Visitor: 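The structure that follows is given in the form of structure tokens.
Just so you know, ligand 1 is whichever comes first in the structure, and atom 1 is the first atom listed for that ligand. These figures come from a predicted structure and were not determined experimentally. Both backbone and side-chain heavy atoms feed into the values below; hydrogens, waters and symmetry mates do not.
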Amino acid sequence: MTRSQGPVVALVPAAGQGVRLGESKPKAFVDLGGKAMLIHAVDGLLRSGAVDRVIVIVPEEMVEATQAMMSGDVTVVAGGSERTDSVRAGLAVADDARYVLVHDAARALTPPSLIARVVAELRSGRSAVIPVLPVSDTIKTVDVLGAVTSTPERSELRAVQTPQGFTAELLRRAYAEANGVATDDAGLVERLGERVRSIVGEPTAFKITTPLDLLLARALVEEGTR
Ligand code: C5P
């Protein structure tokens, strides 16, 4: 088998509580035009035509109910207290993967074409691929008291989206050697000193985090844009 072949397995960590959204249920199960956010995210992965199998990671008490919601080749497992614990739980049942995508359930409206582009980069020989967009705000770092400590050059900054794609070998190595948690998986790969390739993301792959994001997502679904 050449490097470009082999199964693509997508992990969808959906075990967070999503407190910033202010809804009564875990974020991934919040309704978006008649379907849970998680279902939108899984459908997008399967519709990309680039993903062979999906593994969804949810809070332990929701495993059974989530499996009942799924059709197609979708496995559901229990997550952990940090996002990295949830990804680790998914990786543990992805033995067959040659490539792994890590996607957020909260990026429910990610276009299938973006997912296919990430996979195409992996199949062309890249080991780590992330979608990014330029930032429109100026970003500052601050200390615990709120005093500004620096202003990074905006033209060099990018907001990072998912799915993030990796060869299974590299992601497993990053998790094996990872100490501490990370807000994205590419961060763990960077700590190994490995090169991460960025590609142009999509505005509709935004993370539904706040009530304002949810309003926008619902408007997009209603409008039939997604
Ligand atoms: O908290 P954040 O918005 O970065 O979470 C990104 C994704 O990771 C969400 O889809 C969330 O459900 C998931 N997550 C998880 N396990 C956790 C925390 C977050 O699967 N313990």
Visitor: Have a look at ligand 1 and work out which part of Glu82, if any, has a heavy atom under 4.0 Å from it: side chain, backbone, both or neither.
Guide: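 It is the backbone that touches ligand 1; the side chain stays farther off.
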
Visitor: Nearest 0.5 Å, what's the CD-CG distance between Glu190 and Leu192?
Guide: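 So the gap between those two atoms works out to 10.0 Å.
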
Visitor: Applying a 4.0 Å heavy-atom criterion (strictly less than), which segment of Ala15 is in contact with ligand 1: side chain, backbone, both, or neither?
Guide: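 It is both backbone and side chain that touch ligand 1.
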
Visitor: Using a strict 4.0 Å cut-off to heavy atoms of Lys207, name the atoms of ligand 1 that fall inside it.
Guide: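 Within the 4.0 Å cut-off of Lys207, ligand 1 contributes 2 (P), 3 (O), 4 (O).
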
Visitor: If you draw a 6.0 Å radius around CD in Glu61, do more than 12 non-hydrogen atoms from other residues or ligands fall strictly inside?
Guide: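 Buried by this count: over 12 neighbours within 6.0 Å.
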
Visitor: Salt bridge check: are Arg117 and Glu121 linked by an N-O gap of less than 4.0 Å?
Guide: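 No, Arg117 and Glu121 are not salt-bridged.
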
Visitor: Which atoms from ligand 1 have a heavy atom of Ala106 less than 4.0 Å away?
Guide: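 Reading through ligand 1 atom by atom, the close ones are 10 (O).
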
Visitor: Please report the closest heavy-atom contact between Val8 and Arg123, naming both atoms and the distance.
Guide: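 Reported closest heavy-atom pair: CG2-NH2, 3.2 Å.
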
Visitor: What atoms of ligand 1 come within less than 4.0 Å of a heavy atom belonging to Lys27?
Guide: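 Near Lys27, the atoms of ligand 1 are 3 (O).
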
Visitor: From the options Gly16, Gly80, Gly90, select the one whose nearest heavy atom is closest to atom 18 (C) of ligand 1.
Guide: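 The nearest heavy atom belongs to Gly16.
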
Visitor: I'd like to know if Arg107 contacts ligand 1, where contact means a heavy-atom distance under 4.0 Å to any ligand atom.
Guide: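 Outside the 4.0 Å threshold, so no.
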
Visitor: Please list the nearest protein heavy atom to atom 7 (C) of ligand 1 with its residue and the distance rounded to 0.1 Å.
Guide: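 Looking only at protein heavy atoms, the one closest to atom 7 (C) of ligand 1 is Asp104 OD1, 3.4 Å.
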
Visitor: For atom 9 (C) of ligand 1, grab the closest protein heavy atom and report residue, atom and distance to one decimal in Å.
Guide: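 The closest heavy atom on the protein side is Pro13 O, 3.6 Å.
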
Visitor: If you draw a 6.0 Å radius around CD in Glu60, do more than 12 non-hydrogen atoms from other residues or ligands fall strictly inside?
Guide: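 Atom CD in Glu60 is not packed in, count stays at 12 or less.
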
Visitor: For atom 1 (O) of ligand 1, what is the closest protein heavy atom, and at what distance to 0.1 Å?
Guide: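 Answer, as residue, atom name and distance: Arg20 NH2, 3.5 Å.
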
Visitor: Compare every heavy atom of Asp104 with every heavy atom of Val12, then report the nearest pair and how far apart it is.
Guide: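 Smallest interatomic distance, heavy atoms only, reads CG1-C, 4.3 Å.
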
Visitor: Does the pair Arg107/Asp213 count as a salt bridge with the N-to-O cut at 4.0 Å?
Guide: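 Judged by the 4.0 Å cut-off on N to carboxylate O distance, Arg107 and Asp213 do not form a salt bridge.
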
Visitor: Indicate, as side chain, backbone, both or neither, the part of Ser81 found under 4.0 angstrom from ligand 1 when only non-hydrogen atoms are considered.
Guide: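 For Ser81, the contact with ligand 1 is made by the backbone alone.
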
Visitor: Provide, to 0.1 Å, the distance between atom 16 (N) of ligand 1 and the closest protein heavy atom, together with that atom's residue and name.
Guide: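 Sorting protein heavy atoms by distance from atom 16 (N) of ligand 1 puts Ser86 OG, 2.7 Å first.
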
Visitor: When you measure from atom 5 (O) of ligand 1 to every protein heavy atom, which one gives the shortest distance, and what is it?
Guide: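 Of the protein heavy atoms, Arg83 CD, 4.3 Å lies nearest.
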
Visitor: Is there a path of hydrophobic side-chain contacts, each under 4.5 Å between heavy atoms, that joins Ile208 and Leu216?
Guide: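 Ile208 clusters together with Leu216.
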
Visitor: To the nearest 0.5 Å, how far apart are OG1 in Thr110 and CG in Asp43?
Guide: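 Here the rounded value is 12.5 Å.
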
